[in-house]
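Step one of this worksheet: look at the structure below.
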2 protein chains.
Amino acid sequence: MDVEIITIGDEIISGHVVDSNASFIAQQLETAGLTVKYRSSVGDSVEQIEEVFRLALKRASLVICTGGLGPTDDDVTKKAIVKVFKRNLIYHEDVLDDIRKRFEKRGVEMPGINQNQALLPQGARFFPNKFGSAVGICIAEEGKIFIALPGVPFEMKQIVTDSVVPYLRSLKTGQALKVVTLRTTGVIESKLAELIKPNLKLPSGVKLAYLPSASGVTLRITATGSDEGEVENKVRDLTRYLESVAGSYIYGRNSDSLESVVGQLLKDNDKTLAVAESCTGGQLGMLITSAAGASSYFLGGLIAYANEIKIDKLGVASEIIEQHGAVSEQCAEAMAVGCRNLFGADYALSITGTAGPEGGTDSKPVGTTFVALASVHGNRIYEYHFASTREFNRTRAAHAALELLRRDILDIT
Amino acid sequence: MDVEIITIGDEIISGHVVDSNASFIAQQLETAGLTVKYRSSVGDSVEQIEEVFRLALKRASLVICTGGLGPTDDDVTKKAIVKVFKRNLIYHEDVLDDIRKRFEKRGVEMPGINQNQALLPQGARFFPNKFGSAVGICIAEEGKIFIALPGVPFEMKQIVTDSVVPYLRSLKTGQALKVVTLRTTGVIESKLAELIKPNLKLPSGVKLAYLPSASGVTLRITATGSDEGEVENKVRDLTRYLESVAGSYIYGRNSDSLESVVGQLLKDNDKTLAVAESCTGGQLGMLITSAAGASSYFLGGLIAYANEIKIDKLGVASEIIEQHGAVSEQCAEAMAVGCRNLFGADYALSITGTAGPEGGTDSKPVGTTFVALASVHGNRIYEYHFASTREFNRTRAAHAALELLRRDILDIT
């Protein structure tokens, strides 16, 4: 089944918002055994949308578009649907009821303009929207499936996950497909390639991709073939090989995140964690608590941005800051030790560094970061030299801290 | 000048990474007066890339592609360039020197595989890469400009900003274009439309778009025309109108962020800020410190995730938590007051809520969040009902807290 994804909106084509929707949908379709063949974007013009829809319905049998279903004037997708499919818009009382209830629940009166969103194409199937008032629209006719979704990412995601994928899973495809991702951190792409490449043998139908990001490099194995068992075996063999040459950097698979893996380790060992953050300003705490259920191991943290806070609240000796600076091995260690005492936690992680863009010196350029771990077994301190933007330096520091804890708990040197 | 952006990589077409590059480039091109006409994506196959390059060079006069310039085997963009432009790859000693120095600076030995990245097309212009080893490649011939950039977003961004845009600015276009964005927060899209719509008159050539995100709704005005002065006037008039009907929600323009605007207000008033966070786990602190220079007004914060930390470190009375729960007006207020005392700050913000997905009750469903501000003028507490995912509920809470402070400082009710 040939699939086309169309993202709609002036803000997409002009780049004023990132087009994350097409990527999300492509990835979700993969779990239904569908691979995307065409991708395109179009602005908020009825004529252009209509043109793109007609082309897509000619060259693809499944067309999924996002955007332009909102209540305001620049939302014109439904007008294009009416023209292409020659269907009237019908007032759907049950959909309006749902929209009204949503607003009531939030204690907000429904603006009159939202009534538009209950006007929907005749004979279509609707996918409910838990987080907003634009429902998903699905029209199946003449062997083609057309699905229109709202453009607000978290609304679209919920509809795709809860409704679109289950609906599409019922459609069979002939090709077996298996995708496994291995998540690594603390190692750069080229180093990873040097570990992997010498003895790598990729069987036919198998691809290996390196996907670097600020949180680490993901290794993605994609295997296709006519026989499902054979595809599974090829993926398993390659996974084993990758684990044998780069296993210590691999913290998880597929949807695993470093914070969920570390959280599970803390839970399994019945240990608690606290953090002390300078340059990351709370990002490490945020990362840890982005895993739901973190309250069972995460006590809290101190954002010690000003030096006086490091001294007064964490007990860092003012001599350390005078002699070595706040960005130093000594300060990181004292912050971790002080944090562990303050919160009474089993483990305490600290971060201090120069995130940039200002504040670098010759001996400690922007990106210099110290991460420390204090535990009953003693203290470990590492020095990093991240060479990126403020945002990425901070993200890397937060992940380096969690990775330090993971390696400590698992006794990886 | 017709522009096409091509994003390359299996990870893009399959959705395994978000294609943020095309959006970033489109937006940056706008500042050079260039609008994107075509957008496409292609996987890591030399033949397919070659095909897409040939089509793009036929229908567009400026082609910018990203991805596939890395050192590993799945990076094949240069092979396609060689085929399409019939140019040899030449070994560039100066480029290799730069790459080697980058690794030295980080205290890492350059993996041999990175030598590949100094093999570059003959007669091309190169754009330096500050953060990585893949330089940008620019080939201009027969009235066409072709630019290839690395796919790692922060590397690509640096090259676009520092080299590509300055280079393209030298190319003239006939059409005047002006884009202004007004940043709002604390108001939903449909409410904003109800304020704006009744007396809105859009002159010809002017578009108004509503761009909702977790941090607020951005209003984007785009105006085009042949006369620059006329275009400027139309944008100015519409901006004034929007400010007259929705001014209290507008915190800034264009690249302004809520954290930078609030930071500037604190600087201007010579005031300090501290935070106490429960459900956001550090996100508010991270947001505040994502503005470089935050150290002049931000002292630090306490991540009070566990209730004992709220009681022990912030001095929240245990009776408050017993009687009203940790997610309550009373607890939020006590956290803010305790935080202000603990850090000796002029302003203290606190957040406590149920971010989800678990933990909601009938009286306090997931998304219920209390935000409090303590200052010398007294305390202000607000209750919110966010109705989204954990990630978005937390982002909204952090922005709601900053907006509360902005309105307090500016005396907006």
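Chain letters run A, B, ... following the sequence lines, proteins first, then strands; residues in each count from 1.
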Tell me, side chain or backbone of [X] under 4.5 Å from chain B's heavy atoms, or both, or neither?
X	value
A:Asn307	neither
A:Leu342	both
A:Ile188	side chain
A:Thr35	neither
A:Val152	side chain
A:Val275	side chain
A:Lys197	side chain
A:Glu277	side chain
A:Ile113	both
A:Lys310	neither

Between [options], who has the most heavy-atom pairs with chain A when the cutoff is under 4.5 Å?
options	answer
B:Glu194, B:Arg394, B:Glu109, B:Gln158	B:Arg394
B:His385, B:Met286, B:Arg102	B:Met286
B:Ala274, B:Gly285, B:Gly70, B:Gly9	B:Gly285
B:Ser20, B:Ser190, B:Ala26	B:Ser190
B:Gly281, B:Pro71, B:Gly367	B:Gly281

Contact winner vs chain B - [options], heavy-atom pairs under 4.5 Å:
options	result
A:Lys313, A:Arg220, A:Glu30, A:Lys130	A:Arg220
A:Ile5, A:Ile196, A:Val36, A:Thr72	A:Thr72
A:Pro357, A:Gly359, A:Gly151, A:Gly282	A:Gly282

Interface moiety of [X] toward chain A, non-hydrogen atoms closer than 4.5 Å:
X	result
B:Leu211	side chain
B:Val179	side chain
B:Asp312	neither
B:Ile12	both
B:Pro111	both
B:Tyr210	both

If you measure from [atom1] on [X] to [atom2] on [Y], what distance do you get to the nearest 0.5 Å?
X	Y	atom1	atom2	answer
A:Gln283	B:Ser290	CD	OG	9.0 Å
A:Met110	B:Lys191	CE	NZ	15.0 Å
A:Phe154	B:Glu391	CZ	CD	10.5 Å

Please check: side-chain N/O of A:Gln27 versus main-chain N/O of B:Ser14, any donor-acceptor pairing under 3.5 Å?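 Between the backbone of B:Ser14 and the side chain of A:Gln27 there is no qualifying donor-acceptor contact (under 3.5 Å).
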
Extract all donor-acceptor atom pairs below 3.5 Å that involve side chains of residues 291-303 of chain B and protein atoms in other chains or at least two apart in sequence.
from, atom 1, to, atom 2, distance (Å)
B:Ser296, OG, B:Gly293, O, 3.2

So which pairs with a foot in residues 10-19 of chain B pass salt bridge (Lys or Arg N to Asp or Glu O under 4.0 Å), sequence neighbours left out?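 Matches after skipping sequence neighbours: A:Arg39-B:Asp19, A:Lys207-B:Asp10.
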
Using a 4.5 Å cut-off on heavy atoms from C-beta on, say whether the side chain of B:Asp75 contacts that of A:Glu189.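 The answer is yes; the side chains approach within 4.5 Å.
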
Quick one, A:Thr389 and B:Phe131 - any side-chain contact, counting heavy atoms below 4.5 Å?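 In short, these two side chains touch, coming nearer than 4.5 Å.
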
